[in-house]
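The figures here come from the full heavy-atom set of this structure, side chains too, leaving out hydrogens, waters and symmetry mates. By convention in this document, chain letters (A, B, ...) are assigned in the order of the sequence lines, proteins followed by strands, and residues within each chain are numbered from 1.
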Protein chains: 2
Amino acid sequence: MSWQKDRRAERGYHHGNLKEALLQAALDLISQKGPAGFTFADAARMAGVSPAAPYRHFRDRDELLSSIAQRGFEQFEALLTQAWDDGRPDTVTAFERVGKAYLAFARNEPAFYSAMFESGLPVDANPTLMAASERAFAIIRAAAERLAAMAPPGMPRPPAMMMALHIWSMSHGVASLFGRGDAARRKLPMSPEELLEAEVLIYLRGLGFPTDRRPSDQKPPGPPPVPPSGGPWGTPK
Amino acid sequence: MSWQKDRRAERGYHHGNLKEALLQAALDLISQKGPAGFTFADAARMAGVSPAAPYRHFRDRDELLSSIAQRGFEQFEALLTQAWDDGRPDTVTAFERVGKAYLAFARNEPAFYSAMFESGLPVDANPTLMAASERAFAIIRAAAERLAAMAPPGMPRPPAMMMALHIWSMSHGVASLFGRGDAARRKLPMSPEELLEAEVLIYLRGLGFPTDRRPSDQKPPGPPPVPPSGGPWGTPK
DNA sequence: GGCTCATGTAAAAGCTATTCACATGAGCTG
DNA sequence: CAGCTCATGTGAATAGCTTTTACATGAGCC
C-alpha cells in the first residue's frame, strides 16, 4: 500500500530515468489490457510518480504511444534483418525465416505489435514513425527483390515491390487474425506458422518457383520444424 | 445550441427508438474518430438523451461495441453471400468478387470493420459474436470448397479449410494495411483491389489453376474492372 | 556556495463511466 | 376510460482520467 512512498523515499524527488520507466510501464500495461486499456495515469503510478510527471517527457498520451510504436518498428526491423540474414543460406529458406520472424514478433511482443498496427495512430501523419515503418518494410522488399531476381525466366512475373506487398499482407493477415495470444485470436486447426508457410509456398509456386524442398536440401541439420509430408500441408486426401 | 432541448420537446420524455439511435450515433462517431475515440456520453448527447439513458439498453460501453461488431458481421456475411452468389457465373469470377467485396466492406464501412477487427473486443469470449464471425467466414469456406473441388487432380492440394484461411488472411492483410480511407493507411503504387486480385491469382496458379482468363471467357459483357494486360499485374519489365 | 533549469508535485478544471433514487408516460387491465 | 405497472429517461453523485498551471526540488555547473 505504501508502495509509492517507499519508492519515493528510495529514489528521492527526481526519478532519474522516468522516460524509460514510463515506456516500460506502458508496454506492460498494453500487453495486459490492450492499447485502449493503457492509461497515462496508470503508467505514472507504476513508475511511482504523480500523474502530471509524464508530461515532462511526452506531450500527451498519444506521443507515448507513438514512441512505443517507433521502438516497435525499430525492433521489428532488427528482427527481420536478422531473420533475413542477407539471404543465407539460400533465398527461399531465408525468406521463410522472415515470415516466421513476423509471426514470432506478433506473438512475443503483442504490446509493440498492437501499438504499431492496431492503436489507430495516424502513421502517415508522423514522419519519424512512417520512416521507421518503411525501414522495416524495406527488409521484406529487399528479400522480394532477391527472390524476383531468381524467378524462373520463362514466366511473367510481377514487380518485386508487388511481391513484397503480397508477402507483407499474407504475414500481416495471418498474424492479425490468428497470431496473438490475445483473446482476439480465432481458433485454428494448425499453427499460424504452418498456415503462413503453406500460403507462401503456394504463392511462390504460382510464380514458378520449385517448392519441393526436402529437409536435407540446403538447410543446416536439425529438427525440421514441419514434419516432412507430401507438401506444405498435410497428406492430401 | 438548444438542440437537445428542441429534440426533447419534439419527442417528449421517451425517445422511442433510442437503441437504434445510439447504434447509429456510435457508428458515426467510430467512423470519424476510431473505436477508441467513441464515447458513450457522446453517443447519448447525439441522440439527445442524458448520459445515463444508454444504460437502459446496453450494460456498458463494451456491450454497445459488441452489438456493432455483431451487426457488422451480419452485414459482412450478407455482402459476401451476395458477392459469392453461389459461384455464378463461374467459380473463379465469383471468387474474385468475394475478395473485392471484402475490400469494399473495409473501405465503405470502416466503423463496422474496426469494431469487428480492431477494437480489441474478446471475440472468443462472446459466443454470439463468435457465431456471427463464423457465419461470415463460412461463406469464404464454402467458396474455397467449391474451388477445391475443381482443382486440377494431378497436383497435391491443401484442405479446403486451409485454402479458405489463406484467402481470408490475404484479404484481411490487404484490407488492414492498405484498404481504409483511414490515416492508418500506407501509400501504395496501385489500388488495394489490384493488389489483392494479383495475389489471389498467383496463389491459385500455385494450386494448379489456369489463370490466363480473358475478359470474354465466361464473364458477362461489360466494362472489365481491370484493363487486360499480360497478366494480373502490369507489363513485365 | 549559489544559480539555473530540468524534472516533479499539488491542485484544479473538464471530461467520461457508472450507479442509484426518482420521474414519466405507454400500454395493458378491467 | 381510470388506474396500474414497468420499461425507459433524468439528475445527481462517485470515482477515475487527462491536461494545465503555479510552485517545489535538487543535480549540475560556475
S.K.: Have a look at B:Tyr55 and say if it touches a base, only the backbone sugar-phosphate, or nothing, with a 4.0 Å heavy-atom cut-off.
M.R.: base
S.K.: Out of D:dT21, D:dT8, D:dG11, which nucleotide sits closest to the side chain of B:Ala52?
M.R.: D:dG11
S.K.: Please figure out whether A:Thr39 or A:Arg56 has its closest DNA chain D nucleotide nearer the 5' end.
M.R.: A:Thr39
S.K.: NE2 of B:His15 versus C1' of D:dA7: gap in Å, rounded?
M.R.: 15 Å
S.K.: Distance check, rounded to the nearest 0.5 Å: A:Lys100 atom NZ versus A:Ser171 atom OG?
M.R.: 11.0 Å
S.K.: Could you state the CG-P distance from A:Leu64 to D:dC17, rounded to the nearest angstrom?
M.R.: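 Taking CG of A:Leu64 and P of D:dC17, I get 15 Å after rounding.
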S.K.: Just to be sure I understand the rule, does B:Ala53 reach a base, reach only the sugar-phosphate, or reach nothing, if contact means heavy atoms closer than 4.0 Å?
M.R.: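 Since a base atom lies under 4.0 Å of B:Ala53, the category is base.
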S.K.: Got a second to check how far A:Leu22's CG is from A:His57's NE2, nearest 0.5 Å?
M.R.: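 One gets 6.5 Å once the value is rounded to the nearest 0.5 Å.
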S.K.: Take the protein atom CZ of B:Phe58 and the nucleotide atom P of C:dT19, then report the distance between them rounded to whole Å.
M.R.: 16 Å
S.K.: Respond yes when some side-chain nitrogen or oxygen of A:His57 is under 4.0 Å from OP1 or OP2 of C:dA6, and no when none is.
M.R.: no
S.K.: In whole Å, what is the span from the CG atom of B:Leu29 to the C1' atom of C:dT16?
M.R.: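 Roughly 14 Å, once rounded to whole Å.
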S.K.: Kindly say if A:Arg45 contacts the phosphate of D:dC17, meaning a side-chain N or O under 4.0 Å from OP1 or OP2.
M.R.: yes
S.K.: With the side chain of A:Phe40 defined as its heavy atoms from C-beta on, choose the nearest nucleotide among C:dT16, C:dG25, D:dT19.
M.R.: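 That would be D:dT19.
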S.K.: Taking the inter-plane angle between the rings of B:Phe117 and B:His172 on a 0 to 90° scale, is it parallel (under 30°), tilted (30 to 60°) or perpendicular (over 60°)?
M.R.: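 Rings of B:Phe117 and B:His172: perpendicular, as their planes differ by over 60°.
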S.K.: Could you state the atom-to-atom distance from CG of A:Asn17 to C1' of C:dG8 in whole Å?
M.R.: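 The distance from CG of A:Asn17 to C1' of C:dG8 comes to 15 Å, rounded to the nearest Å.
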S.K.: Tell me yes or no: between the side chains of B:Gln70 and B:Thr128, is some donor less than 3.5 Å from an acceptor?
M.R.: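 No - no donor-acceptor pair under 3.5 Å links their side chains.
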S.K.: I'd like to know if the side chain of B:His15 and the backbone of B:Asn17 have a donor-acceptor N/O pair within less than 3.5 Å.
M.R.: yes
S.K.: Measure CD/B:Glu20 against C1'/D:dT8 and give the value in whole Å, please.
M.R.: 16 Å
S.K.: Find the distance B:His14:NE2 to C:dG27:C1' and express it as a whole number of Å.
M.R.: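 Spelled out: NE2 on B:His14 to C1' on C:dG27 is 11 Å.
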S.K.: Need one value for A:Asp60: base, sugar-phosphate or nothing, where a base atom within 4.0 Å counts as base even if backbone is also close, heavy atoms only.
M.R.: sugar-phosphate
S.K.: Could you state the atom-to-atom distance from CD of B:Glu63 to P of C:dA17 in whole Å?
M.R.: 15 Å
